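Letters go in sequence order (proteins before strands), and every chain restarts at 1. Remember, it's a predicted structure, so these values are computed and weren't measured experimentally.
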Protein chains: 2
Amino acid sequence: MKQSAVTIKDLAKELGISPSTVSRALKDHPDISPETKRLVNALAEKLDYEPNTIAMSLRSKRTNTIGVIIPEIVHFFFSTVISGIEEVAYKKGYTVMFCQSNEDYEKEVIDTKALLAHRVDGLLISYSKETTNFDHFREIQRKNIPLVFFDRVPTDELHCSTITINDFESAESAVDHLVIENHLRIAHLAGPQNLNISKQRLAGYKRGIEKHKLYFEEGYVQYCGKGDFEEGYRCTNELLKLSERPNAIFANNDVAAYGAMKAIKDAGLKIPEDIAIMGFSNWQFASLTEPQLTSIAQPGIEMGKAAARRLILELEAKDEDLPPVDQVLKTDIIVRGSTRSTQK
Amino acid sequence: MKQSAVTIKDLAKELGISPSTVSRALKDHPDISPETKRLVNALAEKLDYEPNTIAMSLRSKRTNTIGVIIPEIVHFFFSTVISGIEEVAYKKGYTVMFCQSNEDYEKEVIDTKALLAHRVDGLLISYSKETTNFDHFREIQRKNIPLVFFDRVPTDELHCSTITINDFESAESAVDHLVIENHLRIAHLAGPQNLNISKQRLAGYKRGIEKHKLYFEEGYVQYCGKGDFEEGYRCTNELLKLSERPNAIFANNDVAAYGAMKAIKDAGLKIPEDIAIMGFSNWQFASLTEPQLTSIAQPGIEMGKAAARRLILELEAKDEDLPPVDQVLKTDIIVRGSTRSTQK
DNA sequence: ACCGAAACCGCAAACGTTTGCGGTGAAAAA
DNA sequence: TTTTTCACCGCAAACGTTTGCGGTTTCGGT
């Protein structure tokens, strides 16, 4: 069960010099003669010496590791974010430790404890739908370790950098799009309201309704808490019962949108002729369905990259505390068959 | 940038006793009096002492960390595997460090180096499509650190435990299913042949063809290397040119199957009446499309769990070397509209 | 011949734990 | 009273690095 086991001491003994000299030689310290450096490096190569990062961490108090907590990995958007995180972390010489909270508050606090125990240099977090208590985040800050939120971010009680998309404007322009396609009775399948993103999307939707002076009634906003397929199906059936039946549905996410699609098909209605559907996130399969789903593309990879870049920036600005920044990424409406009223 | 900073020494100084005593008291060592233990634990609680895992690792040579390398995270199947891994790792008190190779050989070897440098206790790997040289895996073994492969596993030159599904039988029963549904000219979109899984699926397909004495010609097997949507589309168009046009296509994976679906629709043919389609992996969206895709469900979560369980077993069987085991998980055919010839 | 400055290197402590071994005091046995 | 036996605790080394400080040479300059 031993690792490679060749240490600086071994090199030193072999060469009849001191460990300090070996250490310095390996890092090209000016105090060491070129000749010695040559010898040391040659031997290190030969015995394939590899520095013990654990020992280095113990001294330097840095692990070159960043911790990531996301609600769930089996989720198209989050998996793209992770991918982005991994990419820049790798390029900057960091490795990532990762946990999923499974949308469970308890697990989330245990995860943060675990990552702190493993002495990650910094943390990247998108918190669970359940999380309303932020004490575990405050604990992180108390220990002075950098923390960046992405996608699901707290309103600014914690002073952390955040990476988000412009949910409000995206939702608003979703309404714009539907109006252009001549759908004027637009309903919304809203997400969990303790998540800022859901609130913003709902708010953007309402803004769009007002801006265009569209018809609206209470029933047009259906709150589907979990936002899964079944909820989308159920909520859409509610919408179909309304006397002023909407002719477009803007869903908080793609999966709920597909629930809506099924409900509409089951009701014998046509998409988009009778009712148009629009999702949010542009999941991989949005282009594979029939009709294809119009959706709002969230730049997941970019978000991951931005979050990681920001965190590493804060990590490496040793002394001076950088003031937190809120970076907002742009989305794109991907127009497909589920809303296109006219010809292809 | 300091962590909580309270150490065993601090506790010792505060209580006027030695660090060794504190250490022992905290681990409930019999040499320490109940009274002292009480005092130590009380103070530890008060100052919220947390053991420095780095220091512990340095002594014990164990990090309680397992490394995972997968081809890509933005992939339904692999994300489910990771999810399973995380779940059991968490339960057993391990955290996971994770890298994606992006199907790139060079990145894969760099990743293994990085994980080894971070002194993970063991590794879980599914290698890239490009990988044909296994030296970096041998290096891991040389260092005597446990390694378990899953899904994409080497043929037994390395002596490692593996977790796979029964690709051969699954493919064979896919053919069985198609025959039952009365599709007797079955083509196959094959995957990259340096991957065992692809070879097995192809072999299982061929076995099915022979068993049922079905019509076959060379052109019925199309090799789509990358196995993505475009390849599936392209290869299917090749199939459509054949004089004895197949009336069923069994694809190596779901995405390719959707490429096939598009090609068939574009050709003005009906699914499954003219040509049935069957995928492999049962991606999330298989039930959301029109028609829904018949596919073979791989138990991703189970695979992840099994792999992690096996690795941890080997990790904790300190001395005696466990002989490698090959665990094969069962799949299920999920029958949907893309192959169902009859009613419903 | 002496001094000063380079150039090169080693000592030892430190990071926070763990642990073998030995030491103390007091109670029990002789 | 002396010895043995406990119960309890501290010393110090070790894990593999890094680094401030000081020590030896060697050499060019006066």
Whole Å only: how far is the CE atom of Met56(B) from the C1' atom of dT18(C)?
9 Å
Is the closest basic N to carboxylate O distance between Arg138(A) and Asp135(A) below 4.0 Å?
yes
Classify the side chain of Arg24(B) and the base of dG10(D) as holding, or not holding, a donor-acceptor pair under 3.5 Å.
yes
If I take atom OG from residue Ser79(B) and atom CD1 from residue Ile70(B), how far apart are they, to the nearest 0.5 angstrom?
8.0 Å
Between dC15(D) atom C1' and Leu58(B) atom CG, what is the distance in whole Å?
4 Å
Taking atom C1' of dC21(C) as reference, at what distance in whole Å does atom CG of Asp31(B) sit?
11 Å
Return no unless some side-chain N or O of Thr36(A) is found under 4.0 Å from OP1 or OP2 of dC9(C).
yes
In terms of side-chain geometry, is the basic nitrogen of Lys107(B) or Glu86(A) positioned less than 4.0 Å from the acidic oxygen of its partner?
yes
Taking NZ, NE, NH1 and NH2 as the nitrogens, is one of them in Glu103(A) or Arg152(A) under 4.0 Å from a carboxylate oxygen of the other?
yes
Whole angstrom value for the distance that separates P of dT18(C) from NZ of Lys61(B)
15 Å
Write down the distance between CG (Asp28(B)) and C1' (dC8(D)), rounded to a whole number of angstrom.
15 Å
Indicate, yes or no, whether a donor-acceptor pair under 3.5 Å links the base of dC11(C) to the side chain of Ser20(A).
yes
In whole angstrom, give the distance that lies between atom NE2 of His29(A) and atom P of dT18(D).
12 Å
Nearest whole angstrom, please: distance from the P of dG23(C) to the CD1 of Ile17(B).
21 Å
Name the closest nucleotide to the Lys27(A) side chain, picking from dT18(D), dC8(D), dC15(D).
dT18(D)
Counting only side-chain heavy atoms from C-beta out, which of dG10(D), dC11(C), dG16(D) sits nearest to Asn52(A)?
dG16(D)
With the threshold set at 4.0 Å, does a side-chain nitrogen-carboxylate oxygen contact exist between Glu14(B) and Lys46(B)?
no
Please tell me which of Val22(A) and Pro19(B) maps to the more 5' nucleotide of DNA chain C, matching each residue to the nucleotide holding its nearest heavy atom.
Val22(A)
Does Lys9(A) have a side-chain nitrogen or oxygen under 4.0 Å from the phosphate oxygens OP1 or OP2 of dA14(D)?
no
Reading DNA chain D from 5' onward, which residue's closest nucleotide shows up sooner: Ala55(B) or Thr21(B)?
Thr21(B)
Looking at dG16(D), I'd like to know if its phosphate oxygens (OP1 or OP2) sit under 4.0 Å from a side-chain N or O belonging to Thr7(A).
no
Rounded interatomic separation in angstrom, taking CD1 from Ile54(B) and P from dT18(C):
14 Å
It should be established whether Ser33(B) places a side-chain nitrogen or oxygen under 4.0 Å from OP1 or OP2 of nucleotide dC9(D).
yes
Base, sugar-phosphate, or nothing for Ser57(A), non-hydrogen atoms under 4.0 angstrom?
nothing
